[in-house]
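Atom set for the values below is all heavy atoms of this structure, side chains included, hydrogens, waters and symmetry mates excluded.
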Amino acid sequence: MVRYEGEPIAGVVAEDEALARDALTAIAVELEATPAVGDIEAAVAPGAPLVHPDWRGYDVAFDYPRNGNVAAELNSDPDPEALANAFKQADLIVEAEYRAPRQYQAYIEPKSALASWESGRYIVHTASQFPFNVRDQVASFLGVRVSDVRVIGHHIGGGFGAKLDAGLEPYAALFARAVGAPVKIDNDRTEDLLTCGCRENAVVRMRTALSSDGRILARDVDCLMDNGAYSGEMPFMASLPMHVFGQVYRSGPTRIRCRLIYTNTAPTGAFRGVSGTYLYFALERNMDECALRLGIDRRQFRIKNLIGDGEATLVGQVLSDAGLLREGFDEIERMAPWSEVSRKDASPGKLVGVGIAATTWLTNPGAGSVTLKLNEDGTVGLVTAATDNGSGAVTMGVAQIAAAELGVKPNDVVIQMPDTDSAAYDAGSQGSRTTHVVGRATLAAAAEVRQKILAIAGDLLEAAEADLELADGAVRVKGAPSRSVTLSQVATEALRSGGPIAAAGSYATPLPAFNPSCATGLLFPTFPTPTYHVHLAVVEVDAATGQVKVVRYVVAQEVGKAINPDAVRGQIQGAVAQGLGYLLYEGLDIENSRYKQRTLETYRLPLAVDIPNVESVLMEHGDSAGPYGARGVAEPPIVPVAAAVGNAICDAIGKSINRIPIRPDDILEAIDVDGRLEPA
Amino acid sequence: MELSITVNGAPHVIDVRPHATLLSVLRDSLFLTGTKRGCDEGECGACTVLVDGYAADSCIVAALSVNGSRVDTVEGLGGQHGDLDGLQRGFVEAGAVQCGFCTPGFLMTLTAFMRENPNPAADEVRMAIAGNICRCTGYSQIVDAVRIAVANRPQ
Ligand code: FES
Ligand code: FES
């Protein structure tokens, strides 16, 4: 059964690409058409064709609510009486529906994989964000032990979540064994786009009960998310509304139903910010609509309902430092005072609007490890399966930490590319975890290496260890810098006494407590090491063309500690650009279960002329668990962008547009509805 | 068919298929893999090289159409011993490289542009790179890199 366009059915191995393409035409496939469903709303309608008629018989790792085309379902468990009463007593109920399309990660390097079969083992070369996951998936596909597969990581030409799961690797490995030679598979751009696990499209319906003095009394949220034809990590995403709707604003009793839906389309997957991007868009658009209907200033309404230090979220996780959200609003106010940016001095024919949005996000807690060794020339070798997905988390962050702890230059830390044979497990470049988790592991390894260095140097220098310091590639007696030995001397001496200097460190973030009875189907129960974000956007809308120009974009982000402030700013700038692409230009349209956009010509990505310089303030309240207090940084600045800019556009035109993307045509249509805002 | 080109100053005579693109000749025949293939359809700019001094998307240039031309790729930018040129140093200093896959294309586009416009304003730089896509950086630090390269240029 073929369930989506792009599903692998057959393969050809040839000596070059042209031959392979020729040979493909020799394969005749006979397919019998059966009814398909390419739309989430159609897929949950009564009588819809089942994407997986045999879903009951499937072997799932652990059981969670599933039913027909519903691949996973989450239901919160609020006190029904309190919920009903809140809606009954509400002074105002605001009801709306929000929509978001698929977004393609569109990393500039399409996926590829190279595999060989050597001495009974599969060797896979791939630019993966998560080599151990690829190892496990290749092994499971081939039915071999995970240790029969060796995955060697390479520099990644962008991934943004799409290179966490195995893509071409299992097929390359299968073919390599079948033909007895190394096999490489390269996606062309269209193949890549059609089969990529894009951010899922979704529909979010919301009812919010309000008191006239501006409190949120209760909420009822219903989400449909598109799973595509097969599930990878997506069932976890159905839990996200449980976090988003309770970790920024106090919302009273909250009913959440979230259904992940099978459709006959390419499987969806992880893209930076995952479902948070559109869930926060829905939440923050709703906050604006509530404030407007109540006649309360939009910023004040938010501040009034913000959660604070020590408050619990809908899952019962206590956020000890949620008051940082308020600080984020204050930081934004210092950079872009609300009363000033709301003044809207528009040039003729232009409409100016301002939007604000807040987000609480997490730092992925997954386990990681580092081995450090002192090389005989005094450089430091660093072995880890953590990967650098363009963020610099390994090549700058982790290397900087090792260098600082051992007193060498960052360039004298020699990093081995990830290799599942030589490095211990690492949970991959996802959820901003690398600097936080692997940085912690590096601190542990460095402490032990340092200890071994000091022991040998103490002997060589005839000094007490406590009197020694590591700096400039040497060990010195404090206060007597002329008494020193180089790290190279120490490493060489170690070969004669006790053996080479090396140590490993490991870390995984302990998971916060939560309330397991808050919902059914809660596969993703907590948000460890939270981070806090407030974004503000000022836009100028051309009333004649509907073109949007973002004239100011301001970010306040709690980072714990910026290990490399330039790199942090680069992550924020890049994330905002992806968020602007999501809201203004991108989006895959699905027609008859197929994507309409199939190349980078029709899938419009943001260009240099579209993106403003982002102003950012990094808030640094050291969180004790990370290295020097660092929290995750790189993923979350995409999360509030569609919300902030969407609010700014709606403010500019005085109309609600509750779907992503918002393109010039959508704006002109909204402006035109009652002719209130005549194009100038 | 036979193709004669000079790549980064070195002459080459290569046997190519009639429809081969310049990109495939550079990558697959000459193993100059610094020039990247991002789309193979002239959209992303990752494959930008200089043909007789002008920036071109090598994925949509038929190799035989540039017979006799001078081609410059990112491998030819720096010095003999891996030292970087001024624009490359600007990229490093500005933090203009995240994953780096787009970087060779931006460097070649900007190399051609800055020969004509040695002192560009930020807006002009943005226009000049509007044919190159970077999915990682959000472009600001690439614009900064040009400013830094101009400031550091020996007078
Ligand atoms: S590879 Fe040539 S423009 Fe994309
Ligand atoms: S740095 Fe990754 S695409 Fe530009």
Carboxylate-amine/guanidinium proximity below 4.0 Å for A/R569 and A/D566:
no
With sequence neighbours left out, the residues meeting ring-ring contact (aromatic ring centres under 6.0 Å, His included) with B/Y139 are none
Any salt bridge between A/D192 and A/R598, counting N to O under 4.0 Å?
no
Need one label for A/N613: side chain, backbone, both or neither, based on atoms under 4.5 Å from any heavy atom in chain B.
both
Might you work through the side chain to side chain donor-acceptor pair (under 3.5 Å) test for A/R189 and A/T599, ending with a clear yes or no?
CA-CA 7 Å; A/R189 182 52 74 178; A/T599 64; over 6 Å; no
Without placing hydrogens or testing angles, list every side-chain donor-acceptor pair under 3.5 Å for residues 14-24 of chain B, not counting sequence neighbours.
from: B/D15; atom 1: OD1; to: B/M1; atom 2: N; distance (Å): 3.2
from: B/R17; atom 1: NH2; to: A/D16; atom 2: OD2; distance (Å): 2.8
from: B/T21; atom 1: OG1; to: B/S24; atom 2: N; distance (Å): 3.1
from: B/T21; atom 1: OG1; to: B/S24; atom 2: OG; distance (Å): 3.3
from: B/S24; atom 1: OG; to: B/T21; atom 2: N; distance (Å): 3.3
from: B/S24; atom 1: OG; to: B/T21; atom 2: O; distance (Å): 2.9

Parallel, tilted or perpendicular: rings of A/Y104 and A/Y603 (30°, 60°):
perpendicular
State, without any angle test, whether A/Q573 and B/S140 hold a side-chain donor-acceptor pair at a distance under 3.5 Å.
yes
Under a 4.5 Å heavy-atom cutoff, which of A/G392, A/P606, A/A577 has the most pairs with chain B?
A/P606
Using distance only, find each side-chain donor-acceptor pair of residues 112-124 of chain B under 3.5 Å and give its atom names and separation, not counting sequence neighbours.
from: B/N117; atom 1: ND2; to: B/F113; atom 2: O; distance (Å): 3.2
from: B/E124; atom 1: OE1; to: B/A121; atom 2: N; distance (Å): 2.7

Is it the side chain or the backbone of A/A18 that comes within 4.5 Å of chain B heavy atoms, both, or neither?
side chain
Can you tell which part of A/L600 gets under 4.5 Å to a heavy atom of chain B, answering side chain, backbone, both or neither?
both
Heavy-atom distances under 4.5 Å only: say whether B/Q98 touches chain A with side chain, backbone, both or neither.
both
Hey, which residues of residues 105-113 of chain A are touching chain B, say heavy atoms under 4.5 Å apart?
A/Q105, A/A106, A/Y107, A/I108, A/E109, A/P110
